[in-house]
Amino acid sequence: MCLFGVYGWNINIIINRNQMKRKEELLHAGLLVLRIGIGISIFFHGLPKITGGPEVWTAIGGSMSNLGINFAPTFWGFMAAFAETVGGILFALGLFFRPATLLLIGTMVVALVMHFSQGDNFMKYGHALDLLIIFVAALLTGPGKYSFDAKYIPKIA
């Protein structure tokens with residue numbers, strides 16, 4: 001009886017370990033799908049901005065005036081376009097993930113402030129809010145084990 005109890009306990013540990021491994025694999029697979037999907041989406045959102053050139057960058061960078069920053073709108077617009085295009089690719093790959101995610105968070109904060117300052121309703125600012133929530137959650141969770149950071153730069157992953 002005692003021997004059966006010990007074996008039963010060992011079997012439960014094995015089953016629980018297998019369930020935990022499966023849950024962990026699903027978690028990392030979910031992070032991969034989220035990273036790739038959102039990263040590619042934000043890349044295509046930023047692509048026309050970065051290829052638009054200085055006129056587009058200046059228009060985008062003008063949003064910084066809502067934060068009291070009135071100098072170098074072309075630079076700020078370029079940085080927003082850069083964050084979305086290059087940051088989107090880095091986000092998808094999980095490469096330099098947290099720095100890229102911080103750039104994307106900053107871009108979404110500025111977008112939200114712009115929408116709020118214009119009195120836009122939720123249908124206008126909802127996309128920026130959704131992305132901000134995703135990027136903050138991603139910053140906290142990290143890129144997952146199926147990322148370039150985890151494979152090549154594990155100390156920052």
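What you are looking at is a predicted structure, and each value in this text was computed from that prediction instead of being measured.
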Met108 vs Ile42, side chain to side chain contact (heavy atoms under 4.5 Å, CB included): CA-CA, chis, key distance, verdict: CA-CA 11 Å; Met108 291 307 111; Ile42 199 75; 4.2 Å; yes
List the steps, then state whether side chain to side chain contact (heavy atoms under 4.5 Å, CB included) holds for Lys23 with Leu27. CA-CA 6 Å; Lys23 286 181 181 180; Leu27 170 72; over 6 Å; no
Take Phe116 and Asn66 through the side chain to side chain contact (heavy atoms under 4.5 Å, CB included) test and state the conclusion after the steps. CA-CA 9 Å; Phe116 290 149; Asn66 295 311; over 6 Å; no
For Phe122 and Leu129: C-alpha separation, side-chain torsions, deciding distance, then whether side chain to side chain contact (heavy atoms under 4.5 Å, CB included) applies. CA-CA 9 Å; Phe122 180 77; Leu129 179 61; 4.1 Å; yes
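Taken to the nearest 0.5 Å, the OH atom of Tyr125 stands 9.5 Å off from the CG atom of Asp120. Here the NZ atom belonging to Lys124 is positioned 8.5 Å from the CD atom belonging to Gln118, to the nearest 0.5 angstrom. Here the CG-OG distance, from Leu112 to Ser117, works out to 10.5 Å after rounding to the nearest 0.5 Å. Between the CZ atom in Phe43 and the CG atom in Leu90 there is a gap of 11.0 Å [rounded to 0.5 Å]. Rounded to the nearest 0.5 Å, atoms CD1 (Ile89) and CD (Glu84) are 12.5 Å apart. In this structure, CD1 on Ile134 lies 11.5 Å from OG1 on Thr101, to the nearest 0.5 angstrom.
Here the shortest heavy-atom pairing between Ala83 and Leu104 reads O-CD2, 3.1 Å. Between Lys49 and Val56, the closest heavy-atom pair is O-CG1, 3.8 Å. Across Pro143 and Leu31, no two heavy atoms sit closer than the pair O-CB, 4.1 Å. Smallest separation of non-hydrogen atoms from Phe97 and Asp149: N-OD2, 2.9 Å. Between Pro73 and Gly62, the shortest heavy-atom contact is CB-N, 4.0 Å. Here the shortest heavy-atom pairing between Thr85 and Leu47 reads CG2-N, 3.2 Å.
Ile40 is listed as a side-chain neighbour of Phe44, based on a closest heavy-atom distance under 4.5 Å. Between Ile50 and Phe82, some side-chain heavy-atom pair lies under the 4.5 Å cut-off. Looking only at side-chain heavy atoms (C-beta outward), Ile38 and Phe135 come within less than 4.5 Å of each other.
Residues Ile133 and Leu102 share a hydrophobic cluster, clusters being chains of Ile/Leu/Val/Met/Phe/Trp/Tyr side chains in contact below 4.5 Å. Hydrophobic clustering of Ile, Leu, Val, Met, Phe, Trp and Tyr side chains at less than 4.5 Å, counting indirect connections, keeps Val110 apart from Ile60. There is a path of hydrophobic side-chain contacts, each under 4.5 Å, that joins Phe71 to Val113. A single hydrophobic cluster is seen to contain both Leu140 and Val109, as judged by linkage of ILVMFWY side chains at heavy-atom distances under 4.5 Å, directly or through other members. Hydrophobic clustering (side-chain heavy atoms under 4.5 Å, transitive across Ile, Leu, Val, Met, Phe, Trp, Tyr) keeps Phe75 apart from Met114.
Remark: His28 pairs with no residue by the ring pair (Phe, Tyr, Trp, His ring centres under 6.0 Å) rule, at least two apart or across chains. Under the rule for a side chain to side chain donor-acceptor pair (under 3.5 Å), Asp130 has no partner lying at least two apart in sequence or in another chain.
With Thr141 contributing its side chain and Ala137 its backbone, the two residues share a donor-acceptor pair below 3.5 Å. Between the side chain of Arg35 and the main chain of Tyr146, a donor-acceptor pair closer than 3.5 Å is present.
Using a 30° and 60° split on the angle between ring planes, Trp57 and Phe78 fall in the perpendicular class, above 60°.
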